[in-house]
Amino acid sequence: MKQNQASSTEPWRIRRADYADLEDVLRLWARMMREHEKADARIRLAAGALAAYRSYAGYHLTNGHSRVLVAEAGGEVIAFCLMTITRNLPMFLPDRYGYLSDLYVDPAYRRRGIGRRIVAELIDWLAEHRISSVQL
């Protein structure tokens, strides 16, 4: 896929996130978790969840085995996805796989192909590392 700029028909673009995006990623993650909590009473966040996710996402922003992408429209971050390459348990193949940890698209921008494009770019990134298996 390798397209990370908005086309003339797409008023949004996808790019790699950096530390300047961390607060936006946290904002979207918190919204995602509120949606999960409303949908499933078994999902409950621990005290300090946002601080823990800040550390988690911050680590993955600079880890060479991770990739965090954001989509932005009009200068606002409207979606994010965090993917990491991880080792499988020794009794399973393949020995490494992509783990899609989080994906969230702002409800106002859903059903426009943003999530699909983000995942496609991450699949391309995994292929560059010879990873062909993804778990969610």
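Both backbone and side-chain heavy atoms feed into the values below; hydrogens, waters and symmetry mates do not. All values derive from a computational prediction rather than experimental measurement.
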- Task: Heavy atoms only: give me the nearest I85-R96 pair and the separation to one decimal.
- Result: CG2-NH1, 4.0 Å
- Task: Say whether, by atom type as modelled, one donor and one acceptor occur between the side chain of T84 and the main chain of H65 under 3.5 angstrom.
- Result: yes
- Query: Y56 vs Y53 aromatic rings, parallel, tilted or perpendicular, using cut-offs 30° and 60°?
  - Reply: tilted
- Query: Where do W12 and R112 come nearest, in terms of heavy atoms and distance?
  - Reply: CZ2-O, 3.7 Å
- Query: Taking atom types as modelled, is there a side-chain donor on Y97 or S132 under 3.5 Å from an acceptor on the other?
  - Reply: no
- Task: Could you give me the CA-CA distance, side-chain angles and deciding distance for V119 and I123, then say whether side chain to side chain contact (heavy atoms under 4.5 Å, CB included) is met?
- Result: CA-CA 6 Å; V119 171; I123 297 295; 4.1 Å; yes
- Item | Closest heavy-atom pair and its distance - I131, G98 | CG2-N, 3.5 Å
- Do L69 and R67 have side-chain heavy atoms sitting under 4.5 Å apart? yes
- Atom of S66, atom of H60 and distance for their closest heavy-atom approach: OG-ND1, 2.5 Å
- Taking all heavy atoms of A79 and all of I118, pick out the closest pair and write down the distance. CB-CD1, 4.0 Å
- Query: Is there a side-chain contact between I78 and V105 (heavy atoms, below 4.5 Å)?
  - Reply: no
- For the side chain to side chain contact (heavy atoms under 4.5 Å, CB included) test, which of I114, V25, L100 pairs with C81? L100
- Item | Salt bridge R110-E35, side-chain N to carboxylate O under 4.0 Å | yes
- Return the minimal non-hydrogen interatomic distance between V70 and A17, and the atom names on each side. CG1-CB, 3.7 Å
- L126 side chain reached by V134 side chain, heavy atoms, under 4.5 Å: yes
- Query: Would you call R44 and E37 a salt bridge, taking side-chain N to carboxylate O under 4.0 Å as the test?
  - Reply: no
- To the nearest 0.5 angstrom, please state how far the CG atom of L61 sits from the CG atom of D21. 7.5 Å
Indicate every side-chain donor-acceptor pair of residues 27-34 with a distance under 3.5 Å to a residue at least two apart or in another chain.
residue	atom	partner	partner atom	Å
R27	NH2	D24	OD1	3.4
R27	NH2	V77	O	3.0
R31	NH1	D106	OD2	2.6

